[in-house]
Protein chains: 2
Amino acid sequence: MIKGNQGTEERIFEAAKNVFVKKGLNNSRMQEIAQEAGMNKALLHYYYRSKEKLFQAVFNSVMKRVIPPIAEMLEKEIPLFEKIEFIVDRYINSLISNPQIPVFFIQEIQRNPQQIVEIIKKYGIKPEVFFQQIENEIKAGNIIDIQPQQLIVNLLSLCVFPFAARPVVQGMIFENDKKKYDQFLFERKKEVSKFIINSIRKK
Amino acid sequence: MIKGNQGTEERIFEAAKNVFVKKGLNNSRMQEIAQEAGMNKALLHYYYRSKEKLFQAVFNSVMKRVIPPIAEMLEKEIPLFEKIEFIVDRYINSLISNPQIPVFFIQEIQRNPQQIVEIIKKYGIKPEVFFQQIENEIKAGNIIDIQPQQLIVNLLSLCVFPFAARPVVQGMIFENDKKKYDQFLFERKKEVSKFIINSIRKK
DNA sequence: GTCTATATTGTGATAGAC
DNA sequence: GTCTATCACAATATAGAC
């Protein structure tokens, strides 16, 4: 349960975030959120009017915290290999701290695909800078020929998938051992950037 | 709508599969399935008793069709690089034919994480054969030193993620252009195995 | 087996006392 | 602002005619 020292509205918000992020919109009950916040469910409506509005508040807040760092990293002006190491390390680290975000995001986008367009517009994600950097490195002969789009999707896949599919992977290849899987994720920070750089570096 | 030449039970089942796979359990309505099957919703209960049971029938059927081919490919006795090309090509191809499966699977596992254990037991997925093969290649000095678990998760990530996160990726780096993204996925069959083999091959 | 009509239940939302 | 009690509605499930 959420601790009681904050204001009521904040307590509701924190409780809603916990529940929504874990279960998604449709598997979450207002009753459950109220209980998590240590109050009656009528109060949720008093402060947020409807379940949908409460959810939107949570979703927007999570996006606001999650998207800008990524957008920023993509535009950072440092050498490519350094940048890959930097992004992978930071990104996996932040996913270790917030492991449910990928599923939360995938589910919500599935439910309401429209909003992805708004999110991109709102936070001004521009992968073009990163694309350009990759193309420059190819022309300079420093890395092998690869479509920038393929490379960036590879990077995202390698970072995010192990969190989105955790129960499956943990069950399939780690005998459902939570600690082993945590260790695996921790090591992955180095492994993934090694894997990528190994693949695109000319030897 | 489902065509009417099959038996009623099969019509229901096909309709339910269409709806459930697209929307997941909680966003699907019995009414909608009935409509899709061209009949009254009372019939769904007559044949399948409850929504939950109908869903389980669909889920089990999908798993039965999706899991064994993967399990089999992992144990196939062919050289490692060939095997990687084979798995990636076949796997991405099957995802192109059934693009909603990853999200369907992730959502359901999230809702009911218990069952993953049963599925693994039921279909006898054994990655050990593949692990052993990788370790042998490392000892023989044919590929670089890498944890087999990391490699296999890399392979799965690179294949599955672009389907699970399609709306996001399509929006972020393909200006929401469906055709471009389909083309991208098609090319990926070759790109992914090249990417992996490039990374682990000793040069 | 298939339908219409109805019962039952779960849950989001509101009214009104305090 | 916070609570209890209640409403309203949607969706699953069943009864019963044919």
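Below, chain A is the first sequence line, B the second, and so on; all start at residue 1.
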Is it true that A/Phe104 and A/Phe59 have ring centroids separated by less than 6.0 Å?
-> yes
Does one side chain, of A/Gln115 or A/Glu108, offer a donor that lies under 3.5 Å from an acceptor on the other?
-> yes
Value in whole Å for how far the P atom of C/dA5 lies from CG of B/Leu43 | 16 Å
Taking atom C1' of C/dT14 as reference, at what distance in whole Å does atom OH of A/Tyr47 sit?
-> 17 Å
Please output the side-chain donor-acceptor pairs of residues 72-92 of chain A that fall under 3.5 Å, not counting sequence neighbours, one pair per line with the distance.
from, atom 1, to, atom 2, distance (Å)
A/Lys83, NZ, A/Leu74, O, 2.8
A/Lys83, NZ, A/Lys76, O, 2.8
A/Lys83, NZ, A/Gln133, OE1, 2.7

Atom-pair distance (NZ on B/Lys23; P on D/dA11), nearest Å | 11 Å
CA sep, side-chain torsions, deciding dist, call: B/Leu158, A/Phe161, side-chain contact (heavy atoms from CB on, under 4.5 Å) | CA-CA 8 Å; B/Leu158 293 165; A/Phe161 180 80; over 6 Å; no
Donor on one side chain, acceptor on other, A/Asn60 and A/Arg65, under 3.5 Å = no
Could you give the OH-to-P distance, from A/Tyr48 to D/dT2, as a whole number of Å?
-> 13 Å
Please report how far the helix from C/dG1-D/dC18 to C/dC18-D/dG1 bends, comparing the axis fitted to its first five pairs with the axis fitted to its last five, to the nearest 10 degrees.
-> 10°
Using a distance-only test with no angle check, is there a side-chain donor-acceptor pair under 3.5 angstrom linking B/Asn26 and A/Arg111?
-> no
Would you mind reporting whether A/Gln170 and A/Asp177 have side-chain heavy atoms less than 4.5 Å apart?
-> no
Going 5' to 3' through nucleotides 13-18 of chain D and flagging B where a protein heavy-atom sits under 4.0 Å of the base, S where only the sugar-phosphate is that close, and - otherwise, we get BB----
To the nearest Å, give me how far apart CG (A/Leu44) and P (D/dG1) are.
-> 15 Å
May I ask you to check whether B/Gln132 and B/Asn136 show a side-chain donor-acceptor distance below 3.5 Å?
-> yes
Rounded to the nearest angstrom, tell me the gap between atom CD in B/Gln31 and atom P in C/dC3.
-> 12 Å
In whole Å, what is the span from the NZ atom of B/Lys53 to the C1' atom of D/dT12?
-> 13 Å
Measure the distance from CG on B/Asn27 to P on D/dA11 and round it to the nearest whole Å.
-> 11 Å
Under 3.5 Å, is there a donor-acceptor pair between the A/Gln183 and A/Glu187 side chains?
-> yes
